[in-house]
Amino acid sequence: MKKIVTFIALMFGIIGFAGCKGQSRPADLPPLVPCVVSVIQDAKPLEGAIVNFVGADGSNSKYQATGVTNSEGKATLSTYGYEGVPEGKYKVCIWKNLTEGVEQIENADGEMVSTDGVEYRTVDMQYFSADSTPFEITVTGKEMEEKSFDVGESIKELK
């Protein structure tokens with residue numbers, strides 16, 4: 001049950017990241033602290049990983065922050081589409097998937113369509129869930145010093 005709740009919480013974080021910017025800022029959204037983290041895998045920056053902060057102490061569980069790492073392995077965290085993270089203690093969840101075998105083919109109607117590929121996890125599953133990740137961060141002050149998280153060796157595990 002905890003895994004389902006964690007998964008649902010992670011999805012809400014992604015929805016928030018997807019951009020509520022077109023809407024007005026929620027009145028109860030606390031002040032946000034700029035926060036950038038970096039993710040390392042195989043001793044190199046990991047591009048395209050999703051980073052999600054999940055409230056660890058209950059006081060900030062309503063506000064999840066999410067970011068995606070760039071080519072330098074850095075993710076700028078946002079909360080409900082607004083850059084920054086409310087102060088508090090968070091579990092740091094990280095994951096990345098890879099899809100292989102997708103091809104463009106012409107169907108019977110002459111339209112180009114994509115075939116289904118095979119999806120793999122490339123980051124160990126322990127980092128996916130707030131229940132199992134060893135990573136934590138405490139957000140305080142006006143600006144956070146960049147923190148780095150090493151997810152170890154790359155894996156290729158069927159999703």
Side-chain angles (χ1 to χ4, degrees), residues 1-26 29 32 34-55 61-86 90-137 139 144 146-159:
M1 180 66 176
K2 270 186 162 181
K3 288 184 180 184
I4 292 171
V5 171
T6 300
F7 178 76
I8 292 170
L10 290 172
M11 292 303 103
F12 275 111
I14 291 171
I15 291 167
F17 174 72
C20 296
K21 277 234 179 191
Q23 302 173 8
S24 61
R25 180 182 169 112
L29 184 62
L32 302 177
C35 187
V36 176
V37 299
S38 62
V39 179
I40 304 297
Q41 186 176 56
D42 295 326
K44 300 180 292 200
L46 180 60
E47 182 177 9
I50 298 171
V51 179
N52 196 29
F53 285 11
V54 179
S61 60
K62 180 177 179 181
Y63 302 105
Q64 296 202 20
T66 306
V68 178
T69 57
N70 62 18
S71 61
E72 297 174 339
K74 297 178 187 288
T76 300
L77 282 290
S78 296
T79 305
Y80 290 109
Y82 296 91
E83 189 174 315
V85 181
Y90 296 89
K91 298 292 275 182
V92 181
C93 302
I94 301 169
W95 71 95
K96 180 179 178 181
N97 295 333
L98 170 70
T99 303
E100 291 181 342
V102 176
E103 296 179 32
Q104 291 288 319
I105 61 170
E106 190 174 328
N107 67 13
D109 296 328
E111 300 169 328
M112 296 303 289
V113 295
S114 295
T115 62
D116 290 334
V118 178
E119 193 167 13
Y120 299 95
R121 286 185 191 93
T122 60
V123 173
D124 191 298
M125 194 63 184
Q126 74 171 321
Y127 304 113
F128 176 78
S129 169
D131 294 330
S132 60
T133 183
F135 300 142
E136 290 189 350
I137 191 168
V139 177
M144 291 288 299
E146 185 178 315
K147 188 166 180 180
S148 183
F149 299 98
D150 189 335
V151 295
E153 293 182 14
S154 179
I155 65 168
K156 189 173 179 182
E157 180 178 283
L158 280 174
K159 186 169 178 217

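- Summarising the geometry, atom OG1 belonging to Thr122 is positioned 10.5 Å from atom CD belonging to Glu157; distances are rounded to the nearest 0.5 Å.
- Leu32 has its side chain within reach of Pro86: a pair of non-hydrogen atoms, C-beta onward, lies under 4.5 Å apart.
- Heavy-atom minimum distance, Gly84 versus Thr79: O-OG1, 2.7 Å.
- With sequence neighbours left out, the side-chain hydrogen bond (donor to acceptor under 3.5 Å, both in side chains) criterion links Asn107 to Glu111.
- Within the 4.5 Å cutoff, side-chain heavy atoms of Asn52 are placed close to those of Val54.
- Residues that satisfy the side chain to side chain contact (heavy atoms under 4.5 Å, CB included) test with Asn70, not counting sequence neighbours, are Glu72, Lys74.
- A distance of 8.0 Å separates CD1 in Ile155 from CD in Gln41, rounded to the nearest 0.5 Å.
- Shown here are the side chain to side chain contact (heavy atoms under 4.5 Å, CB included) partners of Ser114, two or more places apart in sequence or in another chain: Val102, Gln104.
- Under the side chain to side chain contact (heavy atoms under 4.5 Å, CB included) criterion, Glu153 pairs with Asp42, sequence neighbours left out.
- Partners of Lys91 according to the salt bridge (charged side-chain N to carboxylate O under 4.0 Å, His left out) rule, which considers only residues two or more places apart in sequence or in another chain, are Glu136.
- Legend: residues meeting side-chain hydrogen bond (donor to acceptor under 3.5 Å, both in side chains) with Ser148, ordered by chain and number and at least two apart, are Ser38.
- Residues Thr133 and Cys93 come closest through the heavy atom pair CG2-SG, 4.3 Å.
- By the 4.5 Å heavy-atom criterion applied to side chains, Thr69 and Pro45 are not counted as neighbours.
- Of the residues listed (Leu46, Val37, Thr76), the one engaging Val51 in a side-chain contact (heavy atoms from CB on, under 4.5 Å) is Val37, and it is the only one.
- The side-chain hydrogen bond (donor to acceptor under 3.5 Å, both in side chains) check on Gln126 picks up nothing, with sequence neighbours excluded.
- Within the 4.5 Å cutoff, the side chain of Val151 has no heavy atoms near those of the Asp124 side chain.
- Annotation: side chain of Ile137 is in contact with side chain of Met144 (closest heavy-atom distance under 4.5 Å).
- Residues passing the side chain to side chain contact (heavy atoms under 4.5 Å, CB included) test with Lys156, sequence neighbours excluded: Glu100, Tyr120.
- How far OG1 of Thr99 is from CG of Asp116: 10.0 Å, rounded to the nearest 0.5 Å.
- Every residue two or more places apart in sequence or in another chain that forms a ring pair (Phe, Tyr, Trp, His ring centres under 6.0 Å) with Phe135 is listed here: Tyr127, Phe149.
- Not a single salt bridge (charged side-chain N to carboxylate O under 4.0 Å, His left out) links Glu103 to another residue, sequence neighbours left out.
- Scanning both residues, Tyr90 and Gly55, for their nearest heavy atoms gives CD2-N, 3.7 Å.
- One finds the NZ atom of Lys44 at 8.0 Å from the OG atom of Ser154 (value rounded to the nearest 0.5 Å).
- Atom OH of Tyr80 and atom CZ of Arg25 lie 12.0 Å apart (nearest 0.5 Å).
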